Amino acid sequence: MNNKQKLELNWIGKHDPKNKMSPEPRILIETPEYSYEKHNEEVEQISFADSDKPKPQFNNMLIHGDNLLALKSLELEYTGKIKCIYIDPPYNTGAAFQHYDDNLEHSTWLSLMKPRLELLKTLLKDDGSIWISIDSYESHYLKVMCDEVFGRNNFIDEVIWQRSYAPVNLKKTLSKSHDTILAYAKNMSNDFKLNKLPRSDEANSRYKNPDNDPRGVWKSDNLSVGPAVESKVYEITTPSGRKVLPPKGRCWLLTKERFAEFLDDNRIWFGESGNNVPSLKRFLSEVKDGVVAQTLWTYQEVGHTQDAKREVKQFNSNDVFETPKPEKLIERILTLASDPGDLVLDSFLGSGTTAAVAEKMGRKWIGIELGDHAYTHCYKRLKAVVDGEQGGISKEVDWHGGGGFKFYELAPSLIEKSKFGNPVISKKYDMEMLAQAVAKHKGYFYEPDSEVEWKQSKNGDKNFLFVTTNYITPDYLEYIHSMLKNDEHLLITTKAYSKNCENQFPNITVQQIPQSLLGDCDFMVDSYSLNVNEQPSENQNQEEADENED
């Protein structure tokens with residue numbers, strides 16, 4: 001196969017123009033009664049450099065609305081700014097459709113996931129990564145699709161998370177005990193790396209100091225490696241006088257000269273009797289940077305589903321979210337893929353676990369949730385986190401509260417149909433909302449100048465946008481042109497203007513709204529819902545009950 005040939009996963013409807021999604025870049029409207037913050041001056045004064053204690057972050061974003069529309073609304077401001085994305089999309093178990101058709105459901109799921117992944121890739125920093133929880137129903141298809149979206153060369157690895165701790169005896173085949181987490185880098189260059197995990201007390205306990213070395217505790221490590229390199233195969237004499245060679249087919253890790261240096265520096269260990277095969281002394285003080293994470297994460301390390309449900313019950317005991325993830329699992333991901341102060345995103349926020357853990361770990365965060373969970377679970381949980389709740393990982397990371405978030409709703413569609421069926425600007429938009437919305441559509445940042453009316457939004461230092469509902473005349477353009485520098489350009493969008501304004505000045509463009517926006521995206525579409533919820537079947541409910549009993 002030609003190396004340049006691109007591998008692609010195909011499914012029914014993938015290339016059907018009717019299924020093409022062009023979400024509208026809507027503005028976000030804050031809902032102040034659901035925004036919340038709390039200052040903890042004692043904690044806020046601590047810098048990241050001075051302490052491992054997490055520093056509260058403010059102005060985090062909790063967005064209620066369709067996640068494809070919400071991601072599109074973030075695109076202009078947050079492209080290339082997200083360090084770590086974690087998503088836990090619906091697993092597509094087959095229980096969501098009343099008239100179940102496996103092929104239809106599978107294709108629908110893939111068609112709805114792909115545009116979301118493409119937007120998420122756009123938002124990632126060059127040194128960022130995305131982590132996706134999934135199970136065996138779609139994991140292999142998702143892997144191939146992610147290879148297409150992110151690039152197979154950017155695949156980091158798959159993690160196996162042990163989600164349950166006991167078999168379900170009612171199962172006739174195999175009892176599911178794990179989920180998969182697919183991890184991809186935005187750019188798997190030579191510079192990309194993940195953080196290491198902190199060393200555990202158990203790991204540190206393996207270090208001893210039988211020879212009272214002043215450099216502290218250490219543990220012995222194999223001095224031989226394979227395959228054999230001739231220059232590193234030589235005889236070593238132990239302190240007891242015994243002569244040893246490396247095992248057959250292997251050689252010493254060090255050259256003869258380098259071995260002599262290590263021996264002089266007391267970095268070689270022959271055992272307490274001085275008669276053992278030599279080993280290398282590795283000092284704990286020299287490996288404090290942590291340990292490389294493995295791809296198997298047991299429930300003892302990162303928790304299981306019952307841990308997660310107990311955490312959620314603290315905030316809503318009457319309506320326990322069906323598929324939460326334990327805080328320790330998300331803590332592991334954020335530890336590996338981000339640092340304090342980095343921006344974390346979860347566009348399938350669910351019960352709010354990712355945002356809660358990000359806040360407790362001193363990360364900035366954006367969470368998106370379509371359903372009522374944004375109010376009944378996410379808001380309640382995150383408010384409690386800001387107040388300093390002590391569930392989940394709070395004690396482990398020494399969390400004492402502080403920080404906060406702003407709660408946003410998606411604005412309605414900018415364009416609606418008049419009673420005659422013609423596209424018009426929505427009556428729900430005031431002048432400021434209209435200016436913000438058009439700026440987002442045109443790729444400008446809404447930053448009104450306090451002195452110059454027409455410097456309303458800008459793209460760079462030389463390009464400006466002015467949105468107005470006033471009738472534009474040649475005389476008005478003449479007035480603006482007198483203030484506009486030769487290397488500056490102004491785009492004016494308005495409901496109506498004199499035809500004489502067209503091409504009046506080379507650095508002023510006049511367009512009519514809403515006509516100039518039509519065709520750019522899908523207007524009047526309020527949901528691109530991923531309507532494949534993991535609704536447990538009767539057997540699945542019984543499995544949950546069995547797990548609870550165990």
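Since we're looking at a predicted model, the values are computed, not measured.
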Participant: Using the six-membered ring wherever Trp is involved, compare the ring planes of Tyr379 and Phe407 and label them parallel, tilted or perpendicular (cut-offs 30° and 60°).
Facilitator: perpendicular
Participant: Decide if atom NZ of Lys193 counts as having more than 12 heavy atoms of other residues, nucleotides or ligands within a radius under 6.0 Å.
Facilitator: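 Atom NZ in Lys193 is not crowded, with 12 or fewer foreign heavy atoms closer than 6.0 Å.
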Participant: Strictly distance-based, threshold 3.5 Å: is any side-chain N or O of Asn60 a donor or acceptor partner for the main-chain N or O of Gln57?
Facilitator: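 Yes: the side chain of Asn60 pairs with the backbone of Gln57.
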Participant: Evaluate Leu120 against Leu345 for side-chain contact (heavy atoms from CB on, under 4.5 Å), listing each step before the verdict.
Facilitator: CA-CA 9 Å; Leu120 290 169; Leu345 168 68; 3.7 Å; yes
Participant: Within the side chain of Ser394, is there an N or O that forms a donor-acceptor pair under 3.5 Å with the backbone of Glu389?
Facilitator: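 Side chain of Ser394 to backbone of Glu389: a pair is present.
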Participant: Can you confirm whether the side chains of Asp135 and His178 place a donor and an acceptor under 3.5 Å from each other?
Facilitator: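 No - no donor-acceptor pair under 3.5 Å links their side chains.
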Participant: Are the side chains of Arg116 and Tyr528 in contact, using a 4.5 Å heavy-atom criterion?
Facilitator: yes
Participant: Could Asp526 and Arg26 be called an ion pair, given the rule that one side-chain N must be under 4.0 Å from one carboxylate O?
Facilitator: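 Answer for the salt bridge query: yes.
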Participant: Do the side chain of Arg332 and the main chain of Lys328 share a donor and acceptor less than 3.5 angstrom apart?
Facilitator: no
Participant: Within a radius of less than 6.0 Å around CZ of Phe155, do more than 12 heavy atoms belonging to other residues, nucleotides or ligands occur?
Facilitator: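 Result for CZ/Phe155: enclosed.
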Participant: If you measure from the Lys or Arg side-chain nitrogens to the Asp or Glu carboxylate oxygens, is any gap between Glu118 and Lys121 under 4.0 Å?
Facilitator: no
Participant: Show the nearest heavy-atom pair for residues His304 and Trp161, with the distance to one decimal.
Facilitator: CA-CZ2, 3.9 Å
Participant: Would the distance check show the side chain of Glu37 and the main-chain N or O of Ser35 forming a donor-acceptor pair, the cut-off being under 3.5 Å?
Facilitator: no
Participant: With a distance cut-off below 6.0 Å to the six-membered ring centre and an angular limit of 45° from the axis, does Lys186 pair with Phe150 as a cation-pi contact?
Facilitator: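 Verdict for Phe150: no cation-pi partner in Lys186.
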Participant: Ignoring hydrogens and angles, tell me if any N or O in the side chain of Arg250 forms a donor-acceptor pair with the backbone of Ser224 under 3.5 Å.
Facilitator: yes
Participant: Could you walk me through whether Lys281 and Trp269 pass side-chain contact (heavy atoms from CB on, under 4.5 Å), step by step?
Facilitator: CA-CA 6 Å; Lys281 293 169 64 175; Trp269 176 245; 3.9 Å; yes
Participant: Is there a donor-acceptor contact under 3.5 Å from the side chain of Asn195 to the main chain of Thr335?
Facilitator: yes
Participant: Do Lys440 and Glu77 touch side chain to side chain, with heavy atoms closer than 4.5 Å?
Facilitator: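 In contact.
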Participant: Do Glu369 side-chain atoms and Gly371 backbone N/O form a donor-acceptor pair below 3.5 Å?
Facilitator: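 Yes, because the side chain of Glu369 sits within donor-acceptor range (under 3.5 Å) of the backbone of Gly371.
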Participant: Does the side chain of Glu24 come under 3.5 Å of the side chain of Ser413 through a donor N or O and an acceptor N or O?
Facilitator: yes
Participant: So, are Glu327 and Lys360 salt-bridged, with charged N and O less than 4.0 Å apart?
Facilitator: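 So Glu327 pairs with Lys360 through a salt bridge.
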Participant: Is the backbone N or O of Pro90 less than 3.5 Å from a side-chain atom of Trp109, with the two atoms forming a donor-acceptor pair by type?
Facilitator: yes
Participant: Going through the checks in order, is the side-chain contact (heavy atoms from CB on, under 4.5 Å) test met by Tyr408 and Ile29?
Facilitator: CA-CA 5 Å; Tyr408 294 94; Ile29 302 174; 5.9 Å; no
Participant: Decide, yes or no, whether a salt bridge links Asp342 with Arg363 under the criterion of side-chain N to carboxylate O below 4.0 Å.
Facilitator: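 No, Asp342 and Arg363 are not salt-bridged.
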Participant: Is the backbone of Gly391 close enough, under 3.5 Å, to the side chain of Lys395 for a donor and an acceptor to pair up by distance?
Facilitator: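 Here the side-chain-to-backbone pair does not exist.
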Participant: Using the side chain to side chain contact (heavy atoms under 4.5 Å, CB included) definition, which of the options Leu123, Leu343, Val344, Thr354 pairs with Ile366?
Facilitator: Leu343
Participant: List the steps, then state whether side-chain contact (heavy atoms from CB on, under 4.5 Å) holds for His64 with Tyr34.
Facilitator: CA-CA 11 Å; His64 176 233; Tyr34 284 99; over 6 Å; no
Participant: Would you call the rings of Phe405 and Tyr36 parallel, tilted or perpendicular, where under 30° means parallel and over 60° means perpendicular?
Facilitator: tilted
Participant: Checking side-chain polar atoms at under 3.5 Å, does Tyr184 have a donor or acceptor matched by the opposite partner on Arg152?
Facilitator: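 Looking only at side-chain atoms, Arg152 and Tyr184 do not form any donor-acceptor pair under 3.5 Å.
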Participant: Between Asp522 and Ser22 (side chain of the first, backbone of the second, donor and acceptor by atom type, cut-off under 3.5 Å), is there such a pair?
Facilitator: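 Side chain of Asp522 to backbone of Ser22, a donor-acceptor pair under 3.5 Å: yes, one is there.
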Participant: Would you say Tyr86 and Ser133 are linked by a side-chain donor-acceptor pair, where the criterion is simply a distance under 3.5 Å?
Facilitator: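 There is such a pair (donor and acceptor under 3.5 Å, judged by atom type) between the side chains of Ser133 and Tyr86.
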Participant: Do the side chains of Leu414 and Ile27 get nearer than 4.5 Å, heavy atoms only?
Facilitator: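 In short, these two side chains do not touch, never coming nearer than 4.5 Å.
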